[in-house]
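Quick note on labels: first sequence line is chain A, next is B, and so on, each numbered from 1. Only this structure's heavy atoms are used, side chains among them; waters, hydrogens and symmetry mates stay out. Everything numeric here is computed off the predicted structure, so don't read it as measured data.
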Protein chains: 2
Amino acid sequence: MTPLSPEEFLLIAQQHCAARGARLTELRQQVLGLVLARGGVVKAYQVLTDLQAARGPAAPPTVYRALDFLVEQGLLHRVDALNGYIACQHLECQHHGLLLVCETCNDVTEIDATDSLDQLSAAAARAGFQPRRQDVLLTGLCQSCRQPS
Amino acid sequence: MTPLSPEEFLLIAQQHCAARGARLTELRQQVLGLVLARGGVVKAYQVLTDLQAARGPAAPPTVYRALDFLVEQGLLHRVDALNGYIACQHLECQHHGLLLVCETCNDVTEIDATDSLDQLSAAAARAGFQPRRQDVLLTGLCQSCRQPS
DNA sequence: GACGATTTGTTACAGTATAACATCACATCG
DNA sequence: CGATGTGATGTTATACTGTAACAAATCGTC
Ligand SMILES: [Zn+2]
Ligand SMILES: [Zn+2]
Ligand SMILES: [Zn+2]
Ligand SMILES: [Zn+2]
């Protein structure tokens, strides 16, 4: 359960993409690195700022395209509720991730909820629907925010 | 399973709000009516356009505030994946809705998946997380878009 | 009618995302 | 080698989405 270091993550990402025949280019890798460096949920324009600091001029499409790619590969998850992105926290294991988004502190945790999510998919399938991605988002209160400390 | 007519929906909405001590004002009701009139997923700025057509000048905050209220009351659901809103399709029954969003046609269907969602909540609770809303979103392919017709 | 609380109006702006087209990098093949 | 096609990136401009902040109006209560 100890989170991967950015270095470990990038290494696994390399292998992951190679295995899928996807090209983890320099730019894409750099964007991934910037997301990992910030940690937690990251906004596209934050990445853009960081990228500009690191490489000079860059425009939104550059960042969005890289982020789209990384999401497509399963390396990042898109957090719709926050218009943000977060590195997958279960990259090693085969997982069906469940993203828990705290409404108070905006912290996001990804837990493995494969069984429950399979059931959810089954329910959708019974309605003739074919779910694609396996990350689902739940909003609520995290442990820290639930209890007045 | 036959969907409610806008009139039926508005009537139930009245009762629903009255029971909760919430004020379904003229404006809020009008916004709800506009969403129902369009049907399916509706964007805030579409509502704004319609509202302007119906009542003269209006600005974004007017619409967003009304939409927020209606979501808060459970009359509408927010579809994060599409930046849109859709009327609850299970207003009558006590439900935990699961929104199925088709990536191809952007159509949204809401099915009752109370059991599966309860399990999902339980999984989140085991991680110390307290889920709040009971609508969850799944993206994928609807029946029509799955089969080449 | 005075008062506080909620709702609505209004202006201005901040934040998010994509279209469209040009250019570049790279692999493949004649 | 040079042509050609594909995918990736650069660039400009713009569209879309959402909110802060403050003013005015409305409503129920005393
Ligand atoms: Zn993950
Ligand atoms: Zn929290
Ligand atoms: Zn519903
Ligand atoms: Zn469809």
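Atom CD of E26(B) sits in a sparse spot, with 12 or fewer heavy atoms from other residues, nucleotides or ligands closer than 6.0 Å.
Position along DNA chain D of the nearest nucleotide to F69(A) versus P57(A) favours F69(A) as the more 5'-ward residue.
OP1 or OP2 of dA17(C) lies within a sub-4.0 Å distance of a side-chain N or O belonging to R78(A). A sub-4.0 Å separation between OP1 or OP2 of dT8(C) and a side-chain N or O of T62(B) is absent.
For the side chain to side chain donor-acceptor pair (under 3.5 Å) criterion with D135(A), the lone passing option out of H77(A), R78(A), H90(A) is H77(A).
Between L76(A) atom CG and L70(A) atom CG the span is 4.5 Å, to the nearest 0.5 Å. Atom CG in L34(B) sits 10.5 Å away from atom OG1 in T49(B) (nearest 0.5 Å). Q46(B) CD to D50(B) CG: the interatomic distance, rounded to the nearest 0.5 Å, is 7.5 Å.
Hydrophobic clustering places V42(A) together with L32(A) (ILVMFWY residues linked when any side-chain heavy atoms are closer than 4.5 Å, directly or through intermediates). By the rule that hydrophobic residues join a cluster once side-chain heavy atoms approach within less than 4.5 Å of another member, I86(B) and F9(B) end up as members of separate clusters.
Residues from residues 17-50 of chain A with heavy atoms under 4.0 angstrom of DNA chain D, sorted by number: R23(A), T25(A), L27(A), R28(A).
One interatomic measurement links the two molecules: CZ of R55(B) to C1' of dT8(C), which rounds to 9 Å at whole-angstrom precision. The CG atom of D68(A) sits 15 Å away from the P atom of dT16(C) (whole-angstrom rounding). Rounded to a whole Å, the CZ atom of R65(A) is 11 Å from the C1' atom of dT23(C). The distance from atom CG of L51(B) to atom C1' of dG9(C) is 12 Å, rounded to the nearest whole Å. Straight-line distance from the OH atom of Y64(B) to the P atom of dC13(C): 19 Å, rounded to whole Å.
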Residues 59-69 of chain A, side-chain donor-acceptor partners within the protein, below 3.5 Å, at least two apart:
none

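Protein chain B contacts DNA chain D from dT17(D) to dC27(D), reading 5' to 3' and using non-hydrogen atoms of the protein with a distance under 4.0 Å.
Residues Q29(A) and Q14(A) have side chains that bring a donor and an acceptor to within less than 3.5 angstrom of each other.
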